[in-house]
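Counting begins at 1 with the first residue of the sequence.
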Amino acid sequence: MLPVAQLYARDIPDLQTPEGADLLQVLWCPFDHPIMPKTALFWRAAVTVTDILTTPPEPPAMQFDDYLPEPCLLNPEQVTEYPDHLELSEELQEQLGNWSVWQAADTGVNSAYASYPQEFYDNELAGAPGWKVGGWPRWGATDPTPRLCPTCDSDMDALLTIATFEVGNDSSWLPHEEPADKPSIGFNHTAVQIGSGYDQQLYICPKAPDHPHAELMH
């Protein structure tokens, strides 16, 4: 198993941890099961983590080099995002596709979106791209699918998105920590690639975090 992410509750307000835990460690097997790596979640108390390796061990074998993450230091930024238009009611979808509604709202949307204003919503308001805790999935490769706990059938909450790509320089999602006058640090900081460039999103049961988690590629 390879380390993928280590997240502290003190750094990420949206990370909902089980009682007694304030640290999430995500590991995965660097082989497809069957279409993406299989992840394992470890909820821990940070004070109990004392014997820390300075260099994570590399596996003797991997299916793809893209399954060995490049070490990165996270600088979490809390943002507001909205669900993909495919998860909205037909009435709201019709409003998103009506350019006159956007004009009446005086949102300052670029007129380049006049022929397809729904694209502005999906690109700039819905489903922030990149690695993230919580949030909404970015559909497209597949239609929205129910995320139900396999144990109790409860609606599951998004836990972590493992993304192939981060945001581009021309997007409103560009992090505040990256000044506009500095060269871009790239679109794939972690060197991870999911499938042909997709996201792998992990979901947990809000009623019982010890229930098996679920994974989706989209």
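- The heavy-atom pair separating D155 from P206 by the smallest distance is O-CD, 3.2 Å.
- Considering only heavy atoms from C-beta on, L24 stays 4.5 Å or farther from F42 through its side chain.
- Taking both residues in full, the closest heavy atoms of H189 and E70 are given as O-CB, 3.8 Å, listed atom of the first, atom of the second, then distance.
- Within the 4.5 Å cutoff, the side chain of D122 has no heavy atoms near those of the Y116 side chain.
- Between W131 and E166, the closest side-chain pair of non-hydrogen atoms falls below 4.5 Å.
- Contact detail for W139 and R147: the closest heavy-atom pair is CZ2-NH1, 3.5 Å.
- In this structure, CG in L74 is found 6.5 Å from CD1 in I12, a value given to the nearest 0.5 Å.
- When all heavy atoms of K207 and S154 are compared, the closest pair comes out as CD-OG, 3.3 Å.
- Using a cut-off of 4.0 Å between Lys/Arg side-chain N and Asp/Glu carboxylate O, R138 and E87 are scored as not salt-bridged.
- Atom CG of L27 is separated from atom OG1 of T39 by 9.5 Å, given to the nearest 0.5 angstrom.
- Contact check for L68 versus P59: side-chain heavy atoms found under the 4.5 Å cut-off.
- Side-chain contact check for P3 versus P69: every heavy-atom pair is 4.5 Å or farther apart.
- Atoms CD and CE, on Q200 and M36 in that order, are 5.0 Å from each other to the nearest 0.5 Å.
- When the side chains of ILVMFWY residues are joined at heavy-atom separations under 4.5 Å, either directly or via intervening members, L7 and L2 end up in a single hydrophobic cluster.
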- Task: Could you go through the side chain to side chain donor-acceptor pair (under 3.5 Å) check for Q16 and D157 one step at a time?
- Result: CA-CA 10 Å; Q16 301 299 314; D157 291 340; over 6 Å; no

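- For the residue pair N188 / Q193, no side-chain donor-acceptor distance below 3.5 Å is found, with atom types taken as modelled.
- A 4.5 Å side-chain heavy-atom check between E215 and K38 finds at least one atom pair inside the cut-off.
- Between the D22 side chain and the A46 main chain, a donor and an acceptor come within less than 3.5 Å of each other.
- Linking Ile, Leu, Val, Met, Phe, Trp and Tyr residues whenever their side-chain heavy atoms come within less than 4.5 Å leaves F31 and Y198 in two separate clusters.
- No side-chain donor-acceptor contact under 3.5 Å links T142 to the backbone of H218.
- Using a distance-only test at 3.5 Å, with no hydrogens or angles considered, a donor-acceptor pair links the side chain of E81 to the main chain of A128.
- Between P150 and M156, the closest side-chain pair of non-hydrogen atoms falls below 4.5 Å.
- Side-chain heavy atoms closer than 4.5 Å link hydrophobic residues (I, L, V, M, F, W, Y) into clusters, and following such links, even through other members, never connects F165 to L202.
- Side chain of W43 to main chain of E19: no donor-acceptor pair is present (N/O by atom type, distance under 3.5 Å, no hydrogens or angles).
- The heavy-atom pair separating G135 from A158 by the smallest distance is O-CB, 3.4 Å.
- Here T17 contributes atom OG1 and L15 contributes atom CG; the two are 6.0 Å apart, rounded to the nearest 0.5 Å.
- Hydrophobic clustering of Ile, Leu, Val, Met, Phe, Trp and Tyr side chains at less than 4.5 Å, counting indirect connections, unites Y67 with M217.
- For Q93, the side-chain hydrogen bond (donor to acceptor under 3.5 Å, both in side chains) criterion is met by no residue, not counting sequence neighbours.
- Taking each heavy atom of A61 and P30 in turn, the nearest pair found is O-CG, 3.9 Å.
- Other members of the cluster containing W99 are Y82, L88, L92, L96, W102, V109, Y113, F120, Y121, L125, with ILVMFWY side chains joined at under 4.5 Å, either directly or via other members.
- Between atom NE2 of residue H211 and atom CD1 of residue I204 there is a gap of 11.5 Å, rounded to the nearest 0.5 Å.
- If you chain together hydrophobic residues whose side chains sit under 4.5 Å apart, F64 and I35 fall into the same group.
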Next on the checklist: I'd like to know whether V49 forms a side-chain contact (heavy atoms from CB on, under 4.5 Å) with L23, so could you lay out the CA-CA distance, the side-chain angles of the two residues, the decisive distance to 0.1 Å, and finally the verdict.
Outcome noted: CA-CA 9 Å; V49 182; L23 169 64; 3.7 Å; yes

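- From L159, atom CG reaches atom CG of L41 across 6.0 Å, with rounding to the nearest 0.5 Å.
- With hydrogens and angles ignored, the 3.5 Å screen pairs a side-chain donor or acceptor of Q63 with a backbone N or O of D32.
- A donor and an acceptor atom, one from each side chain of Y203 and Q201, are located under 3.5 Å apart.
- Panel note: side chain Q103, backbone A105; no donor-acceptor pair is recorded below 3.5 Å.
- Looking only at side-chain heavy atoms (C-beta outward), D84 and P144 stay at 4.5 Å or farther from each other.
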